[in-house]
2 protein chains.
Amino acid sequence: MNSEFTIAVHSLALLAHIPEHMASSELIAKNVCTNPARIRKIMSILRKNGFVKTKEGIGGGYILACDPNEVTLAEIYRSISNGTLKPHWCSGDPQEACQVSANMHGVMDQIFTEAEMYFTKYLEQITIQTVLDKVRHGCQENSQQ
Amino acid sequence: MNSEFTIAVHSLALLAHIPEHMASSELIAKNVCTNPARIRKIMSILRKNGFVKTKEGIGGGYILACDPNEVTLAEIYRSISNGTLKPHWCSGDPQEACQVSANMHGVMDQIFTEAEMYFTKYLEQITIQTVLDKVRHGCQENSQQ
DNA sequence: GTAACTGTACGAATTATTATTACAGTACTC
DNA sequence: GAGTACTGTAATAATAATTCGTACAGTTAC
């Protein structure tokens, strides 16, 4: 799994943090610590899935288009990183006579697919708002909000 | 996550497939489709955790030292790949004034740690024997066993 | 028309993963 | 005890995945 899921969650939490405001890819990129092109790529997917609205041109950018209390990290994961829990490298060789070697690939595939379902079942419990509350709570001592 | 967990599961299933026999790192490597040194590194960890016994010298190699019906993939995962579910790249910057940027790192860390618990909870349901049965079942048509 | 933005693609840089090689240590066999 | 076949481990090379940077066409506001 690469970090696009993490970036998507971060970006959506940030947009939920500043509702009513458009945020440019440059602003989000600074907050996330990456480059604007990467943010635009990810936000483009999130737009196609209805999580954000975008506006091109002057004063444009991104704004949340969903209820942060409704959208769970599971939906975000499925939009961005579905199927990437399993490592790329594959064990065994389908051409081998030995059953263990020949079929291990398929068996591990099946195991990782089901494991991903358990993984996302956990993510169902967490909403964008949950994440936002957690980050806000993290620095409560020196916060005035 | 790299593929060491997959290789460990494959190797243990193979050893369970040929009980009473010592298997050399070369034999296992061929079955898994990787090189002997990598197998030796992983088997060395499995030995330290009591899953296999090793024997150096002529006629040596690896042999299962546990009940394949008892050992679950969760134990194997914890031995080999614990903490590697989370991607390496980190979002945000602890030095930032913005709470979202400053605390996102810790929040995502927490989420991935808990997600890994759900992931391993699924793996608890699968034993080495489960995997072995699955690979054997995979080619039932042309199998005589 | 110009400035500020998104959408998208491509190649470079970086990092992670895997493969290769080497060699010391151990145990068996002659 | 010399030779052979193993494991244990480390270091380095090769490969692949990920991330970054740049570029530019398209869009919108002024």
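Computed from a prediction, not measured in an experiment: that's the story for all the values here. Below, read A as the first sequence line, B as the second, and so on, with proteins coming before strands; counting in each chain starts at 1.
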inquiry  = Clusters formed by hydrophobic residues whose side-chain heavy atoms approach within less than 4.5 Å: which one holds I18(B), and what are its other members?
reply    = none
remark   = In numerical order, the residues of residues 82-92 of chain A whose heavy atoms come under 4.0 Å of DNA chain C are W89(A)
task = For M1(A) and for K48(B), locate the closest nucleotide of DNA chain D by heavy-atom distance; then report the residue assigned to the nucleotide nearer the 5' terminus.
result = K48(B)
Protein and nucleotides 11-13 of chain C: nitrogen or oxygen contacts under 3.5 angstrom:
none

[atom1]-[atom2] distance between [X] and [Y], expressed to the nearest 0.5 angstrom:
X	Y	atom1	atom2	result
E4(B)	S11(B)	CD	OG	11.0 Å
N31(A)	S91(B)	CG	OG	8.0 Å
D109(A)	N103(A)	CG	CG	12.0 Å
I126(A)	K134(A)	CD1	NZ	6.5 Å

Whole angstrom is fine here: how far is it from [atom1] in [X] over to [atom2] in [N]?
X	N	atom1	atom2	value
R47(A)	dC5(C)	CZ	P	18 Å
I39(B)	dA19(C)	CD1	C1'	12 Å
I45(A)	dT6(C)	CD1	P	16 Å
I63(A)	dT6(C)	CD1	C1'	15 Å
K53(A)	dT6(C)	NZ	C1'	17 Å
I80(B)	dT17(C)	CD1	C1'	16 Å
E4(B)	dA19(C)	CD	P	11 Å
E26(A)	dG7(C)	CD	P	15 Å

query = Stepwise, does the salt bridge (charged side-chain N to carboxylate O under 4.0 Å, His left out) test hold for R78(A) with E116(A)?
reply = CA-CA 10 Å; R78(A) 283 193 214 101; E116(A) 193 170 47; over 6 Å; no
key: Sequence-distant partners of F112(B), ring-ring contact (aromatic ring centres under 6.0 Å, His included), two or more places apart   = none
Polar pairs (N or O, both sides) under 3.5 Å between protein and nucleotides 21-23 of chain C?
none

ask   = Would you say dT6(C) has OP1 or OP2 under 4.0 Å from some side-chain N or O of S25(A)?
value = yes
message = Taking 4.0 Å as the cut-off, does a side-chain nitrogen or oxygen of S24(A) come that near to OP1 or OP2 on dA4(C)?
response = no
message = If the condition is side chain to side chain contact (heavy atoms under 4.5 Å, CB included), which residues does T113(A) pass it with, not counting sequence neighbours?
response = none
remark   = At a 4.0 Å cut-off to heavy atoms of chain A, the contacted part of DNA chain D spans dA17(D) to dA29(D)
inquiry  = Using side-chain heavy atoms (C-beta onward) and a distance below 4.5 Å, is I111(B) in contact with Y122(A)?
reply    = yes
key: Pairs where residues 86-106 of chain A contributes a residue and the test ring pair (Phe, Tyr, Trp, His ring centres under 6.0 Å) is met, not counting sequence neighbours   = none
Using distance only, find each side-chain donor-acceptor pair of residues 44-70 of chain B under 3.5 Å and give its atom names and separation, not counting sequence neighbours.
{"residue": "S44(B)", "atom": "OG", "partner": "R47(B)", "partner atom": "NH2", "Å": "3.4"}
{"residue": "D67(B)", "atom": "OD1", "partner": "N69(B)", "partner atom": "N", "Å": "2.8"}

query = Given the side-chain rings of Y77(A) and F5(A), with only the six-membered ring counted for Trp, is the space between their centroids under 6.0 Å?
reply = yes
message = Would you say the rings of F119(B) and F119(A) are close, in the sense that their centroids are separated by under 6.0 Å?
response = no
Please report, to 0.1 Å, the donor-acceptor pairs under 3.5 Å made by any side chain of residues 23-30 of chain B, with sequence neighbours excluded.
{"residue": "S24(B)", "atom": "OG", "partner": "E26(B)", "partner atom": "N", "Å": "3.4"}
{"residue": "S24(B)", "atom": "OG", "partner": "L27(B)", "partner atom": "N", "Å": "3.1"}
{"residue": "S25(B)", "atom": "OG", "partner": "R40(B)", "partner atom": "NH1", "Å": "3.2"}

key: Pairs meeting criterion salt bridge (charged side-chain N to carboxylate O under 4.0 Å, His left out) with involvement of residues 7-18 of chain A, two or more places apart   = none
query = Which heavy atom in R136(B) sits nearest to a heavy atom in A16(B), and how many Å separate them?
reply = NH2-O, 4.5 Å
Atom pairs, protein N/O to nucleotides 26-30 of chain C N/O, distance under 3.5 Å:
{"residue": "dT26(C)", "atom": "O4'", "partner": "E56(B)", "partner atom": "OE1", "Å": "2.8"}
{"residue": "dT26(C)", "atom": "O2", "partner": "G57(B)", "partner atom": "N", "Å": "3.4"}

